[in-house]
Amino acid sequence: MASNVQSPTQTDTVFRTENLDIYYGDFKAVRDVNIDIQKNQITAFIGPSGCGKSTVLRCFNRLNDLIKSFHINGTIYYHGQDLYAPDIDPVEVRRQIGMVFQQPNPFPKTIYDNIAYGPRLLGFKGDMDELVETSLRKAAIWEDVKDKLKALGTDLSGGQQQRLCIARAIAVKPEVILMDEPCSALDPISTLKIEDLMQELKQDYTIVIVTHNMQQASRASDRTAFFNVETNEKGKRTGYIVEYEPTEVLFQSPREKATQEYVSGRFG
Amino acid sequence: MTISDAAGHVGLSLKKNPSSPRTLFSSAMSVVATLCAVLAVIPLVAVLYYIIVRGLQYLNLDLFRQLPPPPLGEIGGFGNAFVGTLLTVGIASLISIPFGILTAIFLAEFAKDTDAPEENWIDFAVNILAGVPSIVMGTFAWATVVLLTGTFSAVAGGIALSVLMLPTIVRTATEALEAVPGSYRQASVGLGASKIDTVMKIVLPAAVPAITTGVMLAVARAVGETAPILFTALFSQFWNRTVWEPTATLSALVYNFAQVPYPNQQNLAWAAAFVLVVLVLFLNILARFITRKRG
């Protein structure tokens with residue numbers, strides 16, 4: 001492997017996957033993922049249920065490591081570093097690459113402590129009050145909670161909880177934020193707020209979002225990958241990327257028939 | 001049964017038919033179930049009633065200040081035994097709570113994602129331990145601690161009780177940790193927390209109320225145990241000066257004084273039994289209260 005590939009320098013390509021296959025035990029869940037994810041862009045993964053979009057997303061911060069039978073073939077580069085090399089510390093990876101989950105999952109702690117948890121782990125020595133405020137402001141929830149920072153994060157409404165979770169992810173100053181269907185448990189107004197927020201956030205962060213909602217992908221993202229799923233003769237379902245294009249191209253003039261059918265709502 | 005009204009519409013009667021076999025069977029079973037419930041409660045009520053009738057009349061503060069009496073005199077008190085019970089159970093808690101919770105953390109959080117085959121046999125061992133008769137715990141602590149240190153003591157009693165408390169604490173704490181939603185763990189790990197940070201700072205705090213309930217129940221059980229105490233702490237007529245000497249406990253006092261022919265000592269045993277029951281009841285109610293507050 002060339003040495004320049006290994007050096008952790010900043011590049012405009014944040015992630016690059018090469019022939020990525022994802023397995024749970026013997027079962028191949030996703031095959032042949034070859035994509036580049038660009039800095040300060042919003043990349044959306046769309047596709048029918050069970051096509052492996054969340055699985056791919058969770059490879060980017062090694063969250064799949066929590067599943068015992070999980071392993072990959074192929075390579076994922078993060079700024080040229082092999083994310084799955086043996087000398088990579090997954091804990092360090094997750095500090096660079098934050099995550100927002102499908103179900104809002106604030107800790108059963110105060111709003112303040114929800115935000116402060118990550119920075120405290122990292123040994124943050126600066127002004128915690130200020131960091132909490134900035135993080136909450138960036139996640140557009142400061143006005144909602146500034147008078148009740150000592151209230152439980154779990155007592156907020158669903159949309160507020162999700163913004164709190166985004167603030168919590170921002171507080172550790174990651175480079176990338178992965179979002180796994182962040183709006184699927186939210187009402188339409190909260191969903192729009194989160195989408196507006198994503199446009200703000202992409203100034204500072206690279207965002208990868210999995211969504212079931214095609215309007216969301218077309219409204220909010222710069223590039224879109226369409227995943228589909230094929231069933232083999234044994235009934236096992238394996239996901240793969242059909243098409244990965246700038247979002248307008250994928251929605252206006254897709255190359256593949258399957259993409260055309262999916263984005264026009266004819267299946268999925 | 002189908003009926004038709006004046007207009008000739010055919011409909012179904014939704015009325016209950018009191019003589020149908022199904023209704024009769026249901027009523028009969030309700031009566032049987034109620035009877036069984038009442039029968040099950042009778043011993044509890046009888047025990048409580050008898051202890052209250054016999055014990056409550058002697059209750060006063062002097063009981064907690066004075067020493068057990070010689071035969072045929074004043075009723076005296078069980079001050080040393082009350083302190084001794086708190087002492088032995090305190091020592092038992094100091095040992096069993098940290099060991100129990102750490103074992104539970106291993107079982108619930110770590111055993112599953114390593115290839116550690118010890119999970120199964122540790123789990124199994126805890127189940128076996130839960131089934132070991134308490135008198136065996138007593139002889140075990142006697143054969144080790146008492147023989148080794150050369151004296152019956154509060155420490156030996158505490159160790160015997162701690163082994164007894166351990167399975168209850170491990171069981172309830174494991175369940176409490178497993179009940180913490182996986183989403184908390186994912187959120188914490190996603191923020192770059194290590195496994196041990198996640199467990200100590202997120203999972204364990206979320207499980208504390210349920211763990212406390214389990215600890216309370218274990219303590220309540222240890223407070224009333226007699227068999228392991230007789231082999232280890234033994235008994236004493238005097239106040240404790242150290243934890244390394246024979247120590248009186250309420251349960252041992254009831255055991256000893258219930259068998260003597262002297263009315264004053266028998267009465268003290270009744271009073272001690274009453275206090276013991278109140279203590280256990282209080283701990284159980286506290287455990288319930290903590291559980292409810294959580295919900």
Side-chain angles (χ1 to χ4, degrees), chain A residues 54 57-58 60-70 89-109 113-124 135 152-154 161-162 164-174 176-180 185, chain B residues 101 104-120 122-123 172-214 289-295:
Chain A
S54 294
L57 189 78
R58 283 161 182 246
F60 290 144
N61 70 345
R62 297 198 49 172
L63 206 65
N64 283 331
D65 291 15
L66 301 187
I67 300 163
K68 210 172 143 191
S69 62
F70 161 84
D89 181 357
V91 171
E92 287 301 325
V93 171
R94 296 177 196 127
R95 289 178 180 182
Q96 295 291 319
I97 304 166
M99 180 125 193
V100 176
F101 297 84
Q102 180 170 6
Q103 287 292 332
N105 56 356
F107 299 126
K109 297 173 178 284
D113 285 340
N114 261 281
I115 307 295
Y117 176 71
R120 278 181 192 143
L121 285 176
L122 298 173
F124 178 76
S135 307
L152 281 180
T154 38
Q161 285 189 16
Q162 196 60 303
L164 178 65
C165 292
I166 293 173
R168 181 176 67 184
I170 292 171
V172 293
K173 301 195 162 59
V176 183
I177 302 174
L178 306 176
M179 296 185 169
D180 189 359
Chain B
I101 292 177
I105 287 175
F106 174 75
L107 286 175
E109 302 293 327
F110 290 93
K112 277 163 200 139
D113 46 64
T114 61
D115 295 317
E118 48 287 8
E119 187 221 344
N120 284 333
I122 290 181
D123 214 36
T172 50
T174 308
E175 278 166 25
L177 291 167
E178 281 171 349
V180 173
S183 64
Y184 293 167
R185 293 182 184 83
Q186 293 200 344
S188 175
V189 168
L191 285 167
S194 63
K195 177 98 188 178
I196 194 75
D197 276 333
T198 300
V199 170
M200 295 316 247
K201 294 177 182 160
I202 299 294
V203 182
L204 191 58
V208 157
I211 292 176
T212 314
T213 305
F289 177 74
I290 292 165
T291 318
R292 191 161 313 158
K293 209 173 126 205
R294 178 170 44 126

task = Take A:Q103 and B:Q186 through the side chain to side chain contact (heavy atoms under 4.5 Å, CB included) test and state the conclusion after the steps.
result = CA-CA 11 Å; A:Q103 287 292 332; B:Q186 293 200 344; over 6 Å; no
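The parts of A:V91 that come within reach of chain B are both its backbone and its side chain, each placing non-hydrogen atoms under 4.5 angstrom from that chain. Interface remark: A:P106 contributes backbone atoms only to the contact with chain B (heavy atom separation under 4.5 Å). Contact annotation for A:L122: neither backbone nor side-chain heavy atoms come within less than 4.5 Å of a heavy atom of chain B. Neither the backbone nor the side chain of A:R120 comes within contact range of chain B; no heavy atom of the residue lies under 4.5 Å from a heavy atom of that chain.
Here the shortest heavy-atom pairing between A:F101 and B:A187 reads CE1-CA, 3.7 Å. For A:T154 against B:Y184, the heavy-atom pair with the smallest separation is CG2-OH, 4.3 Å.
Comparing A:G118, A:P108, A:G98 by how many heavy-atom pairs each has under 4.5 Å with chain B, the most go to A:P108.
Between B:S188 and A:F107, some side-chain heavy-atom pair lies under the 4.5 Å cut-off. Counting only heavy atoms from C-beta outward, the side chains of A:M99 and B:L191 never approach each other to under 4.5 Å.
The backbone N or O of B:S183 lies less than 3.5 Å from a partner atom in the side chain of A:N105, making a donor-acceptor pair.
In this structure, OG on B:S194 lies 10.0 Å from CZ on A:R94, to the nearest 0.5 angstrom. With rounding to the nearest 0.5 Å, the separation of CG in A:L66 from CZ in B:R185 is 10.0 Å.
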